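Please read the structure below before turning to the comments.
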Amino acid sequence: MDYDFRAIEAKWQAYWAEHHTFRAVEKEGQPKCYVLDMFPYPSGAGLHVGHPLGYIASDIYSRYKRLCGFNVLHPMGYDAFGLPAEQYAIQTGQHPEVTTTQNINRYRSQMDRIGFSYDWDREVRTCDPKYYKWTQWAFLQMYASWYDPDQQKARPIEELVRRFETSGYDGISAEQWRSFDEKRRSEVLMNYRIAYLGETSVNWCPELGTVLANDEVSGGLSVRGGFPVEQKKMRQWQLRVSAYAERLLEGLDRLDWTDSLKEMQRNWIGKSAGTEVVFDTVKGDAHYPITIFTTRVDTIFGVTFMVLAPESELVECLTSPEQKAAVDDYLAYVKKKTERERMADTRTVTGVFAGSYGINPLTGERIPIWISDYVLSGYGTGAIMAVPAHDSRDYAFARKFNLPIRPIIEGCDVSEQSFDAKEGKMCNSGFLDGMDVKDAIEAAKDYVESKGLGHRKVNYRLRDAIFSRQRYWGEPFPICYKDGMPEPLPVEALPVTLPEIGEFKPAEGGQPPLARAKDWNYNGCPMETSTMPGFAGSSAYYLRYMDPHNDNALVSKAANSYWRNVDLYIGGTEHATGHLIYSRFWNKFLYDLGYVCEDEPFRKLINQGMIQGRSSFVYRIVGTNKFVSAGLRDAYETTEIHVDVNLVHNDRLDLEGFRAWRPDFHDAEFILEDGEYICGWAVEKMSKSMFNVVNPDDICDTYGADTLRLYEMFLGPLEQSKPWDTKGIDGVHRFLKKFWRMFFDGDKLIVTDEKAYADELKALHKLIGKEREDIENFSFNTTVSAFMIALNDLGTLNCHKREILEPMVILLSPFAPHISEELWQALGHADSVTYAAFPEYVEAYTVENNCTYAVSFNGKTRFTISLPLSMSPAEVEAAVRSHESTPKYVEGMQIVKVIVVPGKIVNVVIKPL
RNA sequence: GCCCGAGUGGCGGAAUGGUAGACGCGAUGGACUCAAAAUCCAUUGUCCUUUAAAGAUGUGCGGGUUCGAGUCCCGCCUCGGGCACCA
């Protein structure tokens, strides 16, 4: 029989499902390995070949780790709450749950065809009440906790209450606290809870009718849908992520993530260490001190004006009567600008003089106070001291409004632009004169603190996460309102399920859809009508996989202490500042309260690259229904038309298929080159409108899942983005067919029990070494190459020996599991290849009684060779010289040193004569 | 503007500072075949001389370190990604 991949793949997928081959069971004493994919949002379009790239990689790693004796947890689930299903529901009236279930089923069948080794018994869906019970539970825990800055961790809110009662805290004395009524106390506590209700400026998207988190907005537009977003003050649920800023930052150092991803998170957290300084102000007789934040107190002698954010509360106090009209005009102008406009023209400098003055606390100088939207209310104190000579933004402002520019670093030229660098010697700066800038920064901080003019302060860009969404298809809050005050539901009341409503669009008066739910209350108290955002359900799903059916806890202590955290996490880089921050925050919170045993959720993280589409084009001669092949199109005036890539193979157009594709091409004529129609191509995003979507099901039909898996890996480095190009898929398919033929000649199994020759063993061991090294480095493309090389080597040797082929089957099984299972069975094994032990073949790789010599030229190791321990130094030298890895030009060189290092490593140093 | 990452044949891509272009695709020639498919073999960076052997040249550009650089260092150019009034 030939390599019948269709029958083989169907057979083994059924076998795995029936035997629960990949079910993970906690086994004390066996080392664990938790390999996780970022679970998908099941969209209506189904999977295209780009989606499984990361899943294939993690599956290879999982299967490899199983072979190496690890107990592997490799689960999959669905991030099933979300906007598209809701919008579809608004248009069609179809309940989002129905659409979501359909989409999930489609995803599942597509994934099954690729042959992943998921433990489907652990599947989770974020929209399942059994699952979101624990999302709601976590929220209640956050509501009942505060962040204790002394202990640097979350603690029960009762501890804070006790502190207020006994000794007072944070400016509120015990007496004051006792004098507060119930409502006042709960308002105060709200300022400390990790999950809290608070008035804040939010990203409001009128088109979607909901607020959005910062990472859901990009360039003033919503990430989903691309609708304009405006700033609006609203009372919203929020998570005090900012309390964890320092721990989120510092934890990055211990993670095995790529530098670029860590850098993105560092930028997002945006730590900056500076100083808060108080400037007194003069407006008539009144004094309104302004606190400003700066990282460069050393430049305080160069301050020539100050700027307030337009939203600052001080604007009103500090506007003089003469300037009132101008300031009001300016505030109206700023208010009219949308967030998008404000971001778009950062180059246009606008502002207005407030009419009052601040006092430089060091010099006593009068400093004019201005108002401008280049100062943000949300960062620092919403007020700055401006040093135009040494800050480019202040410089632009000073130029525009003719304010003085006073350099305070010797010899710098500020006639064209500001001098922002932290280098040079200070001047015009009183006691700082003559100091190096770097020293002056510290000296100035010390001075300001010692004189009581200000204090050191660390600021973060990271804001609290807005946690309410005015939507239907999300987790309901376990919160009701009693006399207008939020009241948490008891844990026993969970899950709070979504009530049925007739229509999914927002209710009257801009109310969320859930406001339509009639009589939705808890003990007569109306329920919160917002729902939680998308990241709520995805923040702790990796914990739920450890113990997915537990109805008494998110995860049991036993399951958590066995699986601990994720050893390998694979997913897209687009979650860098969203999910990957929230998950870390969520996990740290649960860690603080002792619910989980690791403070970081994802130990190692790999970002797979995106697979782009490779669009194909045909060229229609203008005014005709005639199409000209790409190579000849210069001779005609043509229009470029996207053609379905499924009608194109190796850039050749299937003419009949093309005619049948669309009615208007039915009688198309072609101008061919060499009898074929060659299409043009371009790399674009994979999307329906470009007709470049390739469905993995089609590839499985034509070539099989094993070919798809090998090919996706062979395409290039995992982390690199690359276009999907079906050229070359024949190569890996051919490899599998050749592999098959080493076992079968027609129907006959031709595997023999002959003893293997040395060069056959060498080819095998080369492959073992390569595979071990490459898989640990996630260099799967070169591993696939190594298989082809091994096959070429063995092919020329015409090898059909069991001694060689059996280990080859095991080695190949992570990549091409179906064919491996089939061959494994053909070799007479009853069990799945999954249970084969890899290590014994690894052992064979290590030759006994040898020592390893690291051969170095000029101190750098070039290669290692294994030689018998008994060899004398002279024999070692001869062996090194004649070794195949020793380059030719070692002729004319000599071994000058032989350094014997304890632990059987010998360093041979070679230098020219 | 700032911070990352990457530039290697016709293409995807390999190369611990040590024979650049592994492996695959494509292409060319050949075998098998009535023919096609499938399969197999050979050649395949560029240039020049040549029957051949061989030679020159070659990893975005310009320098440097080194016996030796695709790889390390300095300065540019180009492309991709992220952040972007964060004081």
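None of the values given here were measured: they were computed from a predicted structure. No hydrogens, no waters, no symmetry mates; every other heavy atom, side chains included, goes into these values. In what follows, chains carry the letters A, B, and so on, assigned in the order in which the sequence lines appear, proteins first and then strands, with residues in each chain numbered from 1.
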| said: Measuring from the side chain of A:Ser260 (C-beta onward, heavy atoms only), which nucleotide among B:A87, B:C4, B:G82 has the closest atom? | reply: B:C4
| query | How is A:Pro717 classified with respect to the nucleic acid when contacts are heavy atoms under 4.0 Å: base, sugar-phosphate, or nothing? | reply | sugar-phosphate
| field | Base orientation of B:G82, syn vs anti, 90° cut from 0 | value | anti
| query | Expressed in angstrom and rounded to an integer, what is the separation of A:Leu261 atom CG from B:G82 atom P? | reply | 12 Å
| Whole-Å C1' distance, B:U46 and B:G9 | 9 Å
| query | Below 4.0 angstrom, N of the basic side chain to O of the carboxylate: do A:Lys766 and A:Asp793 qualify? | reply | yes
| said: Can you classify the ring geometry of A:Phe401 versus A:Phe397 as parallel (below 30°), tilted (30 to 60°) or perpendicular (above 60°)? | reply: tilted
| Between atom CE in A:Met610 and atom P in B:G80, what is the gap in whole Å? | 13 Å
| So what does A:Asn781 hit on the nucleic acid, given a heavy-atom distance under 4.0 Å: a base, only sugar-phosphate, or nothing? | sugar-phosphate
Distances for protein N/O vs nucleotides 23-27 of chain B N/O pairs under 3.5 angstrom?
unit_1 : atom_1 : unit_2   : atom_2 : d
B:G24  : OP1    : A:Asn792 : ND2    : 3.3
B:C25  : OP1    : A:Arg734 : NH1    : 2.5

| note | Nearest-nucleotide check on RNA chain B, A:Ser721 vs A:Ala383; residue mapping nearer the 5' end is A:Ser721
| said: Nearest heavy atom decides the nucleotide; on that basis, is A:Arg741 or A:Asp394 closer to the 5' end of RNA chain B? | reply: A:Arg741
| NZ of A:Lys737 versus P of B:C40: gap in Å, rounded? | 9 Å
| Spacing of the P atoms in B:C32 and B:C41 (rounded, Å) | 16 Å
| query | Counting any heavy atom closer than 4.0 Å, what does A:Ile384 reach on the DNA or RNA strands: base, sugar-phosphate only, or nothing? | reply | base
| request: Ignoring the backbone of A:Gln720, work out which of B:A87, B:C4, B:G13 is nearest its side chain. | output: B:G13
| side chain to side chain donor-acceptor pair (under 3.5 Å) with A:Glu442: which residues, sequence neighbours excluded? | A:Arg456
| query | According to a strict under-4.0 Å criterion, is A:Tyr374 in side-chain N/O contact with OP1 or OP2 of B:A87? | reply | no
| Say you pick atom C1' in B:U78 and the same atom in B:C72; how far apart are they, in whole Å? | 22 Å
| request: For the residue pair A:Trp724 and A:Tyr711, categorise the inter-ring angle as parallel (less than 30°), tilted (30 to 60°) or perpendicular (more than 60°). | output: perpendicular
| said: Can you classify the ring geometry of A:His733 versus A:Tyr3 as parallel (below 30°), tilted (30 to 60°) or perpendicular (above 60°)? | reply: tilted
| task | Kindly point out which of B:A87, B:G82, B:G13 is positioned nearest to the side chain of A:Phe293? | result | B:A87
| request: Check the distance between B:C3's P and A:Asp420's CG and give it to me in whole angstrom. | output: 13 Å
| message | Give me the atom names and distance for the closest heavy-atom approach of A:Tyr374 to A:Ala386. | response | OH-CB, 4.4 Å
| Any side-chain N or O of A:Arg266 less than 4.0 Å from the OP1 or OP2 oxygen of B:G82? | no
| remark: Taken to the nearest whole Å, NZ/A:Lys766 to P/B:A14 is 18 Å
| When rounded to the nearest Å, what value does the distance between P atoms of B:U66 and B:A15 take? | 28 Å
| query | Closest heavy-atom contact between A:Met38 and A:Gly572? | reply | SD-N, 3.8 Å
| request: Please measure how far the C1' atom in B:A22 lies from the corresponding atom in B:G75, and state the result in whole Å. | output: 33 Å
| request: Report the distance from atom CG of A:Asn777 to atom P of B:A15, rounded to the nearest whole Å. | output: 10 Å
| request: Would you indicate whether the side-chain heavy atoms of A:Leu767 and A:Leu811 approach each other to under 4.5 Å? | output: yes
| request: Starting from Watson-Crick (N1-N3 plus N6-O4 or O6-N4) and G-U wobble pairs under 3.5 Å, report the runs of at least three that RNA chain B belongs to. | output: B:1-7 with B:77-83, B:10-12 with B:23-25, B:26-31 with B:39-44, B:45-47 with B:55-57, B:60-64 with B:72-76
| field | Protein-nucleotide distance (A:Asp745, atom CG; B:C40, atom C1'), rounded to Å | value | 14 Å
| remark: In whole angstroms, the gap separating P of B:A87 from CD1 of A:Ile290 amounts to 19 Å
| query | Mind checking whether A:Phe787 and A:Phe735 have parallel, tilted or perpendicular rings, split at 30° and 60°? | reply | tilted
| request: Could you measure between the two P atoms, the one in B:U19 and the one in B:U71, and give it in whole Å? | output: 14 Å
| said: Counting only side-chain heavy atoms from C-beta out, which of B:A87, B:G82, B:C3 sits nearest to A:Glu263? | reply: B:C3
| Side chains of A:Val645 and A:Arg614: does their closest heavy-atom pair fall under 4.5 Å? | no
| Taking 4.0 angstrom as the limit, do A:Glu263 and A:Arg266 come out as a salt bridge? | yes
